[in-house]
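Keep in mind the model is a prediction, meaning the values are calculated, not measured.
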Amino acid sequence: MKKYYIIVLLVISISSCFAQKVKELGFENNGDNWQSDSSNYWKVTTEKASSGSGALKFEIPEDHQFQSSALYSIETGHTIHKIRTAKFNSEDYIIASSYDGIVMAVAFDGNILWKNKLSGFMVHDMWCEDIDGDEHEEILIANANGTIYCLDQQGKVVWEYSKNEVPMYSVCVVKKDGTPYVVSGSLDLNVYYLSASGELVRDLKSESYSQEKTWGTTTAKDFVHYANFLRKYQKDDDNDILVMHVSNNPSQDRGAIYLFDPLADNPIKRIETSSSGPIGELRISDFNNDGNKEILLGVSNHQNNAGVSRVNLIDDSTDQYDITKLGFGYSVVQPELILDGSNQKYMFFVGNHIVLLDTDLDPNSEVKLVSKYSYYDMWKLTGTSKIVLASCQSGGSQIHILNTEQSGWKEAYKDLIPKGKLQKIKDNTQSIRSNLAAYQAPVEQRDLLPIYFMTESTGSGLAKSVADNIRNNLDSPMFLGGSHMGQAEDWDRSGMANAKYRDRRDSRRNYNMTQQEAIDHITDWYDEVPDGEDGIAYWGGHGNDPYMFQLSTTQQILDYANGKKTVLIYPELEDHSSDFAWVMEDLFYPLATYSETRNSNIFVRTKHNFWQGNVYLPMWSRLLSGEFSNVIVPSMEETTDKAMDISIASRAGIWASGAVDSWGTRTVPDNPSYDRSRQFCHQRLPNHFLRHLIYHMANGATYLNNFAIDPDYMSIVWELTAKGALYVPKPDEIVSYSPVHLSMFEPDDDFLVEGSSLKWATHYDEDFIENNAFVFSRQNANWMGAQNTTWDFSTYAGGVKDRRQNYLPNYPNGLVLITPPQMGAKADLSAPRGLLKDKLHPLYKDILKEYYTDGRYYYNADGTQQYDASTYASTIEDEIKEAAKQIPLTVTGDVAWVVAQTSPTNLRLTILDGGYLNPEDREATVSFQTITPVSMTDIIDGKAFNLSDKANVKVDIPCGAFRFIDIKLNGPLN
């Protein structure tokens, strides 16, 4: 590590205590060194002169160094999501909120003044302004738990306001006749005016003035909206105008701008938003210094469709600028008016790009700056050219300060490589890869199952070397060829009996192929795959149009394959109407029947609640029966979803029941998007992908539908699989399932609507919510980042507290499977799949306990008695905790885990850092119950764990990493 020093000379009298003087500067003695107790920013050594004067030698750790006057970084130790600035006694400070809701104040010299954990739930918005006249700006927090918090300059909560548990989404301060009011927008579709001391002054219901309407087929309500952004526009010294950008659909709606006089019942005016997608940012600036400030709206979209709208509030005119294509990725455009040196420019932050543009929006002036990584937030310090960046989206923990008036700032940005947690992740991954080189699977471990990486890019360099070695020397894993097509077949659908699907098309496709052209195009892929690859994967259709190719076309392609593996990917089959029931009989069941003897699979890549909801409708009964167990592969496309912890339980449960022989998963750049209008998904180091994939494979997933971000980095999972370090089990080898499982009846209608309404944010109905508890709840767009109810399955079974990216849940008492019914009048005892107890490890034979639900209520086995979710959940929770004593071990902590038996006397514990987007060094506790371990050793780095207290074995998991731990038993596990 490079070391930089600052020498500060202090002239101290002979009688002075040198150590005391150093302590007065805020440092604590640690032997010969002095460490700051407030910021960990400096390391200090003392050099005392004979004259009695002394020198303090400040060593700046590399992670905290001021790289230049144009750019420097501050280590926080946290994943920083939101950034603002505040003034305390005329001094500027950075206000930051972390992924887990911690709010902190950070000085521009790197000193962390304070931290406040608040509720532990995420922060949606922050606003800093002096509302009590004490010359310290208060910090106002819109929290996902439904609360507005007011913090003072010391980080203490002055007051808080909450109407309900619906997330507070936006906040600002406006003045009326010199009196400040805190304005907060809730996802309950209302805006609340609060006094400077936190009392409710009035609520403004969107239904009283909204002109927003839905479109298409939806049960969402018209003439309501939520306040996407709240900002102030200064009218004069004592009065502001409230600027409100509203939306009813965070995934698709461009929304509108409403201008209000504070406390008014109705808006001054409404301005329709013109943009290329939903709005993810709103800034106010004055590019021509005419006193009439403009609004800058940043789009949340694919980076190839990024854009900014500039709205003039005087004449309602809009200038729209579409940024030239930036490449693959999803992100919010964050616009700001800056000085580039002495020249005024627009700065658009988009993913890992800065786009600079003249204020006349001349496309010829566009300049792109490309850096390695992208960041969660950007904020400009008012009156300066300092741009503050939140943490790197790929797992960073630093704040970065960029000064655009300083020469060299562009080069500094392009060269920026964050340190902190991001560097730890890279180091930990490299350490695992290095240790893996010498690993050999034990001889008693069985051979690999067939494992398919279906859509990998094996790239070049390291990735290609790893893939080629596997192709040339091993039978598994396998890399399938194929491609994502932009074309579809143009065929005569006039004879289709169903008008809805006769007329549907996928707007992303060109329907310009004849049947023979489609067959030729696709079958060429079988001949193009490299040696060692034995098949292809491609889109057979989509929920928007399952008939992109007619059935006979696909059948001819399968005939041509002549036994080579073919995986037909069908994304987003979400329709649960009678129209789709017709599609099942007309297309999918005939195709499944045809595929049974042709080494072909139908990869059902759905979204939302499908595998614990839609699949239990009668139209999918032949899948659940196990009739097509060797054909259909359950998978998920979980962008915008918020209940990934439930989807792992439901897919694993269907697989373990015998309904299917295999299951799959998907990693894609926009997986982290639970809120499209705040879509910061441009992960450049796919460590979250890596852990997600390992966790699902350790739970038995064998069909992997990945979108490569960094093939060299991701290639470690290919090596881990090929060497058998990552053990991919069969259902009867897993011994970390809870003996308690939840079986699904035909799903409740309201549950289906709730679980599939993740785009429209206008379903909220206060009376209905208060009087109807659900087993699986708070999944629609009104609950983005919200806390789970105490009775929700995610809470009592999964140990998950909120509705965000819960790809790596803990399930502290074992994974609670969601399955087809096994007992009672609604169980299909004649189904080809057989019974769950016969599919699982023998230890479960006599200890399984079954409960029943339709997603809303619980029931007895015959469905004749109904139980309310809010009261009955505690019964199941108690049963789960008690039943955990009957499985070999449990694991607690912020980790994901699974245990499989690899030999009669060996178990494999796979355990991962559970912070999907919030990686950290973790400590887990392993508690042994029904087994006596002889040893417990990490098979990669050789670390042995202390077994002296078998109910409390501590396991450390490095940041962004995972362990594969061999547990040796004192006898066979039967």
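Counting only heavy atoms from C-beta outward, the side chains of Tyr93 and Cys128 never approach each other to under 4.5 Å. Side chains of Cys959 and Pro919 form a contact here, defined as non-hydrogen atoms less than 4.5 Å apart. The shortest side-chain heavy-atom distance between Leu402 and Ile354 falls under the 4.5 Å cut-off. A heavy-atom distance below 4.5 Å is found between the side chains of Met784 and Tyr674. Contact annotation: the side chain of Val243 approaches that of Leu259 to within less than 4.5 Å [non-hydrogen atoms, C-beta and beyond]. His136 is not listed as a side-chain neighbour of Asp152, based on a closest heavy-atom distance of 4.5 Å or more. Two residues are said to be in side-chain contact when any heavy atoms from C-beta on lie closer than 4.5 Å; Asn304 and Phe328 fail this criterion. Two residues are said to be in side-chain contact when any heavy atoms from C-beta on lie closer than 4.5 Å; Lys175 and Pro262 fail this criterion.
One finds the CG atom of Asp100 at 9.0 Å from the NZ atom of Lys117 (value rounded to the nearest 0.5 Å). Here the straight-line distance linking atom CD1 of Ile268 with atom CG of Asp261 works out to 4.0 Å at 0.5 Å rounding. In this structure, CG on Asp675 lies 9.5 Å from CD on Gln805, to the nearest 0.5 angstrom. Atoms NZ and OG, from Lys421 and Ser391 in turn, are 7.5 Å apart once rounded to the nearest 0.5 Å. Atoms CH2 and CG, on Trp114 and Leu151 in that order, are 5.0 Å from each other to the nearest 0.5 Å. The distance from the CD1 atom of Ile94 to the CG atom of Asn111 is 11.0 Å, given to the nearest 0.5 Å.
A perpendicular orientation is assigned to the rings of Tyr376 and Phe680, their planes being inclined by more than 60° (bins at 30° and 60°). Classified by interplanar angle (parallel below 30°, tilted 30° to 60°, perpendicular above 60°), the ring pair Phe348/Tyr321 is tilted. Aromatic ring pairs are classed by plane angle as parallel below 30°, tilted from 30° to 60° and perpendicular above 60°; the pair His688 and Tyr916 is perpendicular.
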**Message:** Working note: Ser374 + Arg684, criterion side chain to side chain contact (heavy atoms under 4.5 Å, CB included); need CA distance, chi angles, decisive distance, verdict.
**Reply:** CA-CA 7 Å; Ser374 53; Arg684 302 288 294 163; 4.3 Å; yes

**Asked** Between Arg310 and Ile295, is a side chain to side chain contact (heavy atoms under 4.5 Å, CB included) present by the stated rule, with each step listed?
**Response** CA-CA 6 Å; Arg310 183 172 66 188; Ile295 292 178; over 6 Å; no

**Prompt:** Hey, mind stepping through Met347 and Phe349 against side chain to side chain contact (heavy atoms under 4.5 Å, CB included) and telling me if it holds?
**Reply:** CA-CA 6 Å; Met347 169 190 278; Phe349 261 90; 3.3 Å; yes

**Request:** Under the ring pair (Phe, Tyr, Trp, His ring centres under 6.0 Å) rule, what do His682 and Tyr373 come out as? Steps first, then yes or no, please.
**Result:** CA-CA 8 Å; His682 199 43; Tyr373 294 102; over 10 Å; no

**Request:** Mind running side chain to side chain contact (heavy atoms under 4.5 Å, CB included) on Leu389 and Ile83 for me, showing each step along the way?
**Result:** CA-CA 7 Å; Leu389 303 181; Ile83 288 287; over 6 Å; no

**Check against salt bridge (charged side-chain N to carboxylate O under 4.0 Å, His left out), Asp130 and Lys87** = CA-CA 9 Å; Asp130 183 5; Lys87 284 186 181 293; over 6 Å; no

**Message:** Please evaluate residues Ser276 and Asn305 with respect to the criterion side-chain hydrogen bond (donor to acceptor under 3.5 Å, both in side chains), reporting the C-alpha separation (whole Å), side-chain torsions for both, the decisive distance (0.1 Å), and the verdict.
**Reply:** CA-CA 7 Å; Ser276 58; Asn305 301 108; over 6 Å; no

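The minimum heavy-atom distance linking Trp159 with Ala196 is given by the pair NE1-O, 3.0 Å. What you find for Met126 and Val123 is that their closest heavy atoms are CG-CG1, 3.6 Å. Taking all atoms of both residues into account, the shortest heavy-atom contact from Asn292 to Asp286 is O-OD1, 3.8 Å. Closest heavy-atom contact between Ala227 and Tyr169: O-CD2, 3.8 Å. Closest of all the heavy-atom pairs between Arg231 and Leu282 is CG-CD2, 3.5 Å. Taking each heavy atom of Leu230 and Val183 in turn, the nearest pair found is CD1-O, 3.6 Å.
With Asn143 as reference, Ser119 is the one residue of Ser97, Ser184, Ser119 to meet the side chain to side chain donor-acceptor pair (under 3.5 Å) rule.
A donor-acceptor pair is defined here as one N or O able to donate and one able to accept, closer than 3.5 Å; no such pair exists between the side chain of Asp253 and the backbone of Ser247. No donor-acceptor pair under 3.5 Å is formed between the side chain of Asp710 and the backbone N or O of Leu685. One N or O on the side chain of Asn352 and one on the backbone of Ser371 form a donor-acceptor pair closer than 3.5 Å. Of the possible donor and acceptor atoms, none in the side chain of Trp379 sits under 3.5 Å from a partner among the backbone N and O of Arg84. In this structure a side-chain-to-backbone donor-acceptor pair under 3.5 Å is missing from Lys232 to Cys172. Counting only distance, with no hydrogens or angles, the side chain of Ser300 and the backbone of Val332 share no donor-acceptor pair below 3.5 Å. Judged by distance alone, the side chain of Thr273 and the main-chain N or O of Gly255 form a donor-acceptor pair under 3.5 Å. The backbone N or O of His245 lies less than 3.5 Å from no partner atom in the side chain of Asn228, so there is not a single donor-acceptor pair. Side chain of Ser275 to backbone of Arg254: no donor-acceptor contact under 3.5 angstrom is found. With Asn239 contributing its side chain and Asp177 its backbone, the two residues share a donor-acceptor pair below 3.5 Å.
Every residue two or more places apart in sequence or in another chain that forms a ring pair (Phe, Tyr, Trp, His ring centres under 6.0 Å) with Tyr375 is listed here: His400.
Taking the ring axis of Phe229 as reference, the NZ or CZ atom of Arg678 stays within 45° of it and closer than 6.0 Å to the ring centre.
Using modelled atom types, one finds a donor on one side chain and an acceptor on the other under 3.5 Å when comparing Glu75 with Ser397. With hydrogens and angles left out, the side-chain atoms of Asp92 and Thr85 include no donor and acceptor closer than 3.5 Å. Judged purely by distance below 3.5 Å, without hydrogens or angles, the side chains of Gln334 and Asp377 pair a donor atom with an acceptor atom. Counted by atom type alone, Tyr713 and Asn687 present one or more donor-acceptor pairs between their side chains at under 3.5 Å. Inspection of the Ser673 and Tyr330 side chains reveals no N or O donor paired with an N or O acceptor under 3.5 Å. No hydrogens or angles considered: a donor-acceptor pair under 3.5 Å links the side chains of Thr324 and Lys368.
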Return a table of donor-acceptor pairs under 3.5 angstrom between the side chains of residues 356-364 and protein atoms on other chains or two or more places apart.
from: Asp358; atom 1: OD1; to: Lys345; atom 2: NZ; distance (Å): 2.5
from: Asp360; atom 1: OD1; to: Asp362; atom 2: N; distance (Å): 3.1
from: Asp362; atom 1: OD1; to: Asn364; atom 2: N; distance (Å): 3.0
from: Asp362; atom 1: OD1; to: Asn364; atom 2: ND2; distance (Å): 3.4

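Applying the 6.0 Å contact sphere to CD of Glu135 captures no more than 12 heavy atoms from other residues, nucleotides or ligands. The number of heavy-atom neighbours closer than 6.0 Å to NZ of Lys156, taken from other residues, nucleotides and ligands shown, is 12 or below. Residue-environment remark: CG (Asp237) stays at or below the threshold of 12 foreign heavy atoms within 6.0 Å.
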